[in-house]
Amino acid sequence: MISWESIDTVLVDMDGTLLDLRFDNTLWSSLLPERYSQANDLTLAHSQSHLFAHMNDTRGKLEFYCLDYWAEFTGLDVVELHHELKELISFRPSAKEFLLWLKARGKRSLLVTNAHRDSLDIKNTHADLTRHLDEAVSCHDYGSPKEDQNFWEQLQLEHPFDPARTLLIDDNHQVLESAERYGIAHLITIVQPDSGKPPRDGLGYPALHDFKDLLNND
C-alpha cells in the first residue's frame, strides 16, 4: 500500500483513524440529544431532529467541531459529557503500534485533527496519545477545518512539509479531497472508523482496517 522510502512525514487524524469513532458517535448522536431533551422538556425525537438538522447545517465548518459553540447552542456542559463516556476512548486496531513503528524508523509524525483542544486533551489523558507523535495540531489553532485549504497552508507555515513526500491517513472523505487539492500525494482512508458500525465500502481512496496492514510493508 505504501512505499515507505517515498515518505518523510505522516499526518494522521485522531477520531475514527487513531481512535475508535464510537466515542464521538455515542456522544453526539445519543448522549447529547438525550440530555438536551431532558433539559428542554422535549421528546427525544424532537431533540434529535433539532440538533441533527443544525449539525448538518454546520458540517464541514469550524463550528461543527467547536465544543464552545455547541455548549452555547445547547446550554449543556459538553466537556463534562466527554468525561462521562471516557471508557469508550480507545485506539483502533494496531494504531499505537503504528505510531511506535513510525518513531522507530525516524518518520516524522503529526496529529492533525478537527477536534477542539478540550476534546483532544480529554482523549489524550485517557489514551496517552500525543507523546507518541512529534506534534499535535488542532484545526482550531488555525481557525479553519481540514476541509478548508487554509488549514494546509497554515500547517505548511508552522510545520513545513513536502506534500509529494507526505502521507495523510484520515477517515473523512472531504478532508482527503482537500488534502489532495493541496497536493499531498499519499492518501489513505479507514474502512471501519466506528467499531460499533459496519465496515464501509466505495471509499474512493486506498483503505485500511488494521494499522498492521501498513507495518507489514517494512
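Nothing here was measured: the structure is a model prediction, and the numbers come from that model. Heavy atoms only: backbone and side chains are in, while hydrogens, waters and symmetry mates are out.
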Mind telling me whether F64 and W70 have parallel, tilted or perpendicular rings, with 30° and 60° as the class edges? perpendicular
Between D77 and R35, does at least one N-O distance fall below 4.0 Å, as a salt bridge requires? no
Are L176 and I190 connected in the hydrophobic side-chain network, where two residues link if heavy atoms are under 4.5 Å apart? no
Minimum heavy-atom distance A39-L76, with the two atoms named: CB-CD2, 4.1 Å
Test F161 against every option in I184, L110, D8, V10 by the side chain to side chain contact (heavy atoms under 4.5 Å, CB included) rule and name the one that passes. I184
If you round to the nearest 0.5 Å, how far is CG of D15 from CD1 of I89? 9.0 Å
Are N56 and R59 close enough, and set up right, to give a side-chain hydrogen bond (donor to acceptor under 3.5 Å, both in side chains), and what steps lead you there? CA-CA 5 Å; N56 286 333; R59 192 175 303 277; 3.2 Å; yes
Member of T113, D13, N172 meeting the side chain to side chain donor-acceptor pair (under 3.5 Å) criterion with K146: D13
Atom of D141, atom of A136 and distance for their closest heavy-atom approach: OD2-O, 4.5 Å
CG (N114) and SG (C66) are apart, to the nearest 0.5 Å, by 11.5 Å
Minimal heavy-atom distance between L187 and E180, with the atoms involved, is CD1-CB, 3.6 Å
So the ring-ring contact (aromatic ring centres under 6.0 Å, His included) pairs with at least one residue in residues 115-149 (sequence neighbours excluded) are H116-H140, Y142-F151
Using 4.0 Å as the upper bound for N to carboxylate O, is an ion pair formed by K103 and D134? no
Could you tell me whether the side chain of R92 reaches within less than 4.5 Å of the side chain of F211, counting heavy atoms only? yes
With L168, which of V175, V12, T17, T9 fulfils side chain to side chain contact (heavy atoms under 4.5 Å, CB included)? V175
